[in-house]
Protein chains: 2
Amino acid sequence: MEEYTQIFKTLSDPTRLRILRLLLDAGKELCVCELVDSLEEPQYNVSKHVTAMRAAGLLKSRKEGRWVYYSPRDTDGEFLKLLSLAVAAIPERHVKHDRAELRKRLKLRERGKCLTGVQKEHLLGKVSS
Amino acid sequence: MEEYTQIFKTLSDPTRLRILRLLLDAGKELCVCELVDSLEEPQYNVSKHVTAMRAAGLLKSRKEGRWVYYSPRDTDGEFLKLLSLAVAAIPERHVKHDRAELRKRLKLRERGKCLTGVQKEHLLGKVSS
DNA sequence: ATGATATATGCGTCTATGCGCAACTAAGCA
DNA sequence: TGCTTAGTTGCGCATAGACGCATATATCAT
């Protein structure tokens with residue numbers, strides 16, 4: 001069962017659950033800096049989380065230039081399909097804020113591409129300089 | 001989101017996931033000693049896990065004499081309903097053994113009631129005497 | 001090449017959690 | 001009243017995981 005408990009464990013962290021839900025709602029791949037600005041979590045943290053989710057088989061990634069776009073992995077099995085539906089069924093009020101931040105952030109795209117990094121400087125994970 | 005991450009965390013342990021799946025498959029409430037003999041996990045361990053699952057809102061319990069019967073809580077919301085379907089969709093080979101042990105154990109019931117405690121003595125959690 | 005930028009990762013720390021053991025509660029029975 | 005039995009709970013240990021910080025990698029621009 002470890003194959004399945006691993007997936008539940010991955011979703012047992014608020015940041016990771018928010019990431020998956022945001023990606024499911026967005027309907028398009030998002031890069032790390034867009035996730036950072038939407039979730040308002042430090043860059044190194046978001047990066048670690050998406051890496052873990054990718055390892056768990058929940059996300060796939062695509063590198064384009066300096067950017068890495070993440071999206072939900074195609075749900076091959078019935079289990080993952082139903083699990084995604086469950087996550088998508090979390091009432092909207094829990095995800096409203098993240099979605100609003102994402103909408104703002106997506107306005108910075110041009111021709112559908114992300115052209116800049118993290119906008120909220122205090123989320124970079126660097127302290128001085 | 002903690003309300004939801006808590007549920008995922010609860011299912012991120014193999015024993016707890018097996019308990020839920022077994023209860024979903026059984027279609028009837030099971031007492032602790034029946035779970036112990038089916039899962040072949042120590043009694044105090046199973047007890048702790050079902051207590052945690054009950055606290056997380058996944059199970060309900062009913063006491064009858066010396067026995068406590070557990071069953072999946074009625075899934076009021078869409079989220080829990082889909083989550084239960086996902087757990088029920090875990091391929092059968094992962095739960096075959098537990099189910100076989102449960103089938104054997106249920107033969108000890110009389111008039112639909114459990115009349116005895118843990119049969120596999122080494123799972124009691126007591127060591128000597 | 002040099003520097004800037006997007007993302008990833010290694011390390012130390014702190015907290016959370018699962019397990020084994022032992023003691024406890026509660027219900028039935030002699 | 002005591003003994004047995006089904007289940008629960010508190011404690012200590014060991015491990016796993018999340019975070020912050022610093023640094024590393026990789027790509028692009030000048």
Side-chain angles (χ1 to χ4, degrees), chain A residues 2 5-6 8-19 30-37 39-56 59 61-70 105 108 113-129, chain B residues 2 5-6 8-19 30-37 39 41-56 59 61-70 108 113-129:
Chain A
E2 278 73 15
T5 56
Q6 184 55 44
F8 284 121
K9 187 170 298 181
T10 304
L11 292 178
S12 72
D13 176 87
T15 305
R16 288 198 289 265
L17 186 53
R18 289 164 69 204
I19 289 172
L30 301 176
C31 70
V32 176
C33 60
E34 290 170 333
L35 288 170
V36 169
D37 281 330
L39 303 170
E40 299 176 292
E41 291 287 332
Q43 182 275 328
Y44 53 77
N45 227 326
V46 172
S47 179
K48 280 176 192 172
H49 283 312
V50 290
T51 299
M53 294 172 76
R54 189 170 163 283
L59 301 184
S61 67
R62 188 179 64 83
K63 187 164 188 174
E64 180 173 335
R66 270 174 287 188
W67 291 269
V68 179
Y69 291 91
Y70 286 88
R105 184 41 158 87
L108 298 184
K113 308 274 188 186
C114 176
L115 292 182
T116 180
V118 173
Q119 296 302 296
K120 304 181 179 175
E121 290 296 327
H122 58 107
L123 300 176
L124 273 172
K126 296 181 176 184
V127 96
S128 59
S129 90
Chain B
E2 277 74 13
T5 55
Q6 185 54 43
F8 284 121
K9 187 171 301 181
T10 304
L11 292 178
S12 72
D13 175 87
T15 305
R16 288 197 290 264
L17 186 55
R18 289 164 70 204
I19 288 172
L30 301 176
C31 69
V32 176
C33 59
E34 290 170 333
L35 288 170
V36 169
D37 281 330
L39 304 169
E41 291 288 332
Q43 185 274 331
Y44 53 76
N45 227 326
V46 171
S47 179
K48 280 177 191 172
H49 283 312
V50 290
T51 299
M53 294 171 78
R54 190 169 164 282
L59 301 184
S61 66
R62 187 179 66 82
K63 187 163 187 174
E64 181 173 336
R66 269 175 288 191
W67 291 270
V68 178
Y69 290 91
Y70 286 87
L108 298 185
K113 309 273 186 185
C114 176
L115 293 182
T116 179
V118 173
Q119 296 302 295
K120 305 182 178 174
E121 291 296 329
H122 58 108
L123 300 175
L124 273 172
K126 295 181 176 183
V127 95
S128 60
S129 90

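Here is how names work: the chains are called A, B, and so on, in the same order as the sequence lines, proteins then strands, and each is numbered from 1.
Within the 4.5 Å cutoff, the side chain of B/Val50 has no heavy atoms near those of the B/Arg54 side chain. B/Gln43 places a side-chain heavy atom less than 4.5 Å from the side chain of B/Val32.
Closest contact between the side chain of B/Gln43 and the listed nucleotides D/dG7, D/dC19, C/dA8 involves D/dG7. Nearest nucleotide to the B/Ser47 side chain, out of C/dT7, D/dT9, C/dT5: D/dT9. Nearest to the side-chain atoms of B/Arg66 among the listed nucleotides D/dT4, D/dA18, C/dA8 stands D/dT4. Closest to the B/Lys9 side chain, of the nucleotides C/dA16, D/dG7, C/dA8, is C/dA16. Between C/dT17, D/dG20, C/dC21, one nucleotide has an atom nearer to the side chain of B/Lys48 than all others, and that is C/dC21. Considering only side-chain atoms of B/Arg16, the nucleotide from C/dG18, D/dT9, D/dG7 that sits closest is C/dG18.
Rounded to an integer number of Å, the gap from A/Gln119 CD to C/dT5 P is 11 Å. Atom-to-atom, CZ of A/Arg62 to P of C/dA6 comes out at 17 Å; the value is rounded to the nearest Å. Taking atom CE of B/Met53 as the reference point, atom C1' of C/dT17 lies 16 Å away to the nearest angstrom. Separating the CG atom of B/Leu115 from the P atom of D/dA6 is a distance of 10 Å, rounded to the nearest angstrom. Following rounding to the nearest Å, B/Lys113 (NZ) and C/dA27 (C1') show an atom-to-atom distance of 15 Å. Between the P atom of D/dA18 and the CZ atom of A/Arg18 lies a distance of 15 Å, rounded to the nearest Å. The CZ atom of A/Phe8 sits 17 Å away from the P atom of C/dT17 (whole-angstrom rounding). In this structure, NE2 of A/His122 is placed 16 Å from C1' of D/dG20, rounded to the nearest angstrom.
Listed here is the closest heavy atom pair of A/Val118 and A/Cys33: N-CB, 3.5 Å. What you find for A/Ile19 and A/Leu59 is that their closest heavy atoms are CG2-CD1, 4.3 Å.
Without hydrogens or angle criteria, B/Trp67 side chain to B/Arg62 main chain gives no donor-acceptor distance under 3.5 Å. Counting only distance, with no hydrogens or angles, the side chain of A/Ser12 and the backbone of A/Lys9 share a donor-acceptor pair below 3.5 Å. Here the side chain of B/Tyr69 pairs a donor or acceptor atom with the backbone of B/Cys114 at under 3.5 angstrom.
Contact annotation: A/Tyr69 side-chain N/O to C/dA6 OP1/OP2 distance is not under 4.0 Å. The side chain of B/His49 contributes an N or O atom lying less than 4.0 Å from OP1 or OP2 of C/dC19. A close approach under 4.0 Å does occur between a side-chain nitrogen or oxygen of B/Asn45 and OP1 or OP2 of C/dG20. For D/dA26, the OP1/OP2 oxygens have no side-chain nitrogen or oxygen of A/Lys63 closer than 4.0 Å. Residue A/Tyr44 has no polar side-chain atom (N or O) positioned under 4.0 Å from OP1 or OP2 of C/dT9.
The bend of the helix from C/dA1-D/dT30 to C/dA30-D/dT1, defined by the angle between the axes of its first five and last five pairs, stands at 10° to the nearest 10°.
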For A/Glu41 and A/His49: C-alpha separation, side-chain torsions, deciding distance, then whether side-chain contact (heavy atoms from CB on, under 4.5 Å) applies.
CA-CA 11 Å; A/Glu41 291 287 332; A/His49 283 312; over 6 Å; no
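Residue A/Cys31 is classed as a sugar-phosphate contact, given heavy-atom separations below 4.0 Å to backbone atoms only.
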